[in-house]
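Below is one structure; the comments refer to it alone.
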There are 2 protein chains.
Amino acid sequence: MLQDDSNTFALGEVRVSSSPQERFDEYLQSKGKRTTQQRRVLVDTVFERHDHFDADELIGLLGKSTEGAKVSRATVYRALDELVEAGLLRKMTLGGRAVYEHDYGYPQHDHLHCTECDALIEFRSDELIALREAVGREHQFRVTGHRLIVSGVCQDCAGKRHRRQSPLDLI
Amino acid sequence: MLQDDSNTFALGEVRVSSSPQERFDEYLQSKGKRTTQQRRVLVDTVFERHDHFDADELIGLLGKSTEGAKVSRATVYRALDELVEAGLLRKMTLGGRAVYEHDYGYPQHDHLHCTECDALIEFRSDELIALREAVGREHQFRVTGHRLIVSGVCQDCAGKRHRRQSPLDLI
DNA sequence: ATCTATGCAAACCGTTTGCACGACC
DNA sequence: GGTCGTGCAAACGGTTTGCATAGAT
């Protein structure tokens, strides 16, 4: 992330007034939690790249991290929960495992999920927001969020298509 | 499910030309699999009620089943996979666990998920189908399906609201 | 000094699997 | 009779937790 002269940070596409570190520190303080080596390294590593990742990938990255402190598996899991609570990360569940992505300073969006290569492609849709509000109203349901995953096959995989058996390939 | 004089079955809201049992049998035959006691009881139990359920609930129901045959945990898991492959059930993942619902003869729909009581409320939206196609086209992505879960608080829970702490209750 | 955070390893929980026995065609 | 299915119990994989120690305030 880059800081410009007006003291804001570019994260993804949106400018926000403080860095993830700063924001996380605020969260920690508000909860009476402490700013530790490992929490710092972790936030740095997470916001170094704009990617989807799971706990294991993060643990892998932390292994190679230049910053000295090593972070145990348990601590990674505990910190991920905190980052979600702090509003810095968004968590979703894909298949069995939990997948995380940047939330703070990043616009609302949804995903195309390629069932061949597991890629996640982001897209934005304002109509969807309108739609979810309408549905909520219709059912006296107080909407707080949504998760849409459109599955299918991405352009790349559609190319090198070495035809797998499809379910219900009767006969 | 009830059979009427025109030999179709009412499952949920749509009429189909054969019962889940029959359809499952077809699937099994097409795969060279066998029609066993336990698969029969299982399909009966699953289609007795129109509900969302997980593996454990089903195992529970099978325990009380009047039909003699008992079905082991392993068999339940194996059969659920088959029912999904056969197009009789749809599987989704909510939090950690797999949740199943009727697919066969039941219209495409999505869900409102109450984060307080975990209830799932179904709704239909044709605009969503249009939307997902549009997005797919835009990204050269061959769409095969989607999963939308709108989360929030249902009417009931909004009433007896005994205010839990909300994440990000800073200060 | 106090009290939270960490690391380790064991526990957990839903799900899957190897294997010997039983049931279907 | 030959296979496929089942039950059991053990294995699995991601995640959580209890506990003693290290570290932040």
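To find a chain, count down the sequence lines: A is the first, B the second, and so on, and within it residues start at 1.
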Non-hydrogen side-chain atoms of [X] and [Y] separated by less than 4.5 Å:
{"X": "B:Ile149", "Y": "B:Leu94", "answer": "yes"}
{"X": "B:His146", "Y": "B:Ile129", "answer": "yes"}
{"X": "B:Leu148", "Y": "A:Val150", "answer": "no"}
{"X": "A:Phe47", "Y": "A:Leu88", "answer": "yes"}

In whole angstrom, what separates [X]'s [atom1] from [N]'s [atom2]?
{"X": "A:Lys70", "N": "C:dT6", "atom1": "NZ", "atom2": "C1'", "result": "11 Å"}
{"X": "B:Arg97", "N": "C:dT16", "atom1": "CZ", "atom2": "C1'", "result": "17 Å"}
{"X": "B:Asp56", "N": "C:dC13", "atom1": "CG", "atom2": "C1'", "result": "9 Å"}
{"X": "B:Leu80", "N": "C:dG14", "atom1": "CG", "atom2": "P", "result": "14 Å"}
{"X": "A:Tyr27", "N": "C:dT4", "atom1": "OH", "atom2": "C1'", "result": "14 Å"}
{"X": "A:Leu28", "N": "C:dT4", "atom1": "CG", "atom2": "C1'", "result": "11 Å"}
{"X": "B:Phe53", "N": "C:dG14", "atom1": "CZ", "atom2": "C1'", "result": "16 Å"}
{"X": "A:Glu82", "N": "C:dT4", "atom1": "CD", "atom2": "P", "result": "13 Å"}

task = Please find the earliest and latest nucleotides of DNA chain D, in the 5' to 3' direction, that have an atom within less than 4.0 Å of any heavy atom of chain B.
result =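 Range of nucleotides touched by chain B: D:dG2 to D:dC8.
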Close aromatic pair by centroid cut-off 6.0 Å: B:His111 and B:Phe123 =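 Ring centroids of B:His111 and B:Phe123 are no less than 6.0 Å from each other.
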query = Taking the six-membered ring for Trp, are the ring centroids of A:Tyr106 and A:His109 within less than 6.0 Å of each other?
reply =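 Ring centres of A:His109 and A:Tyr106 closer than 6.0 Å.
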key: Where A:Thr115 and A:Ser151 come nearest, the two heavy atoms and their spacing   =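 Heavy-atom minimum between the residues: CG2-CB, 4.0 Å.
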request  = Mind checking side-chain hydrogen bond (donor to acceptor under 3.5 Å, both in side chains) for B:Asp81 and listing every partner two or more places apart, or none if nothing turns up?
outcome  =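 Residues passing side-chain hydrogen bond (donor to acceptor under 3.5 Å, both in side chains) with B:Asp81: none at all.
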Residue met sooner reading DNA chain C from 5', once B:Arg73 and A:Val71 are mapped to nucleotides =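 Looking at DNA chain C, the more 5' nearest nucleotide goes with A:Val71.
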key: Distance below 4.0 Å between B:Tyr77 side-chain N/O and C:dT15 OP1 or OP2   =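 Answer yes for this pair, as a side-chain N or O of B:Tyr77 is under 4.0 Å from OP1 or OP2.
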Side chain to side chain donor-acceptor pair (under 3.5 Å) assessment of B:Tyr104 paired with B:Ser18 = CA-CA 10 Å; B:Tyr104 179 54; B:Ser18 52; 3.2 Å; yes
Sub-3.5 Å pairs of nitrogen or oxygen atoms, protein against nucleotides 19-25 of chain C:
| residue | atom | partner | partner atom | Å |
| --- | --- | --- | --- | --- |
| C:dC24 | O2 | B:Arg34 | NH1 | 3.2 |

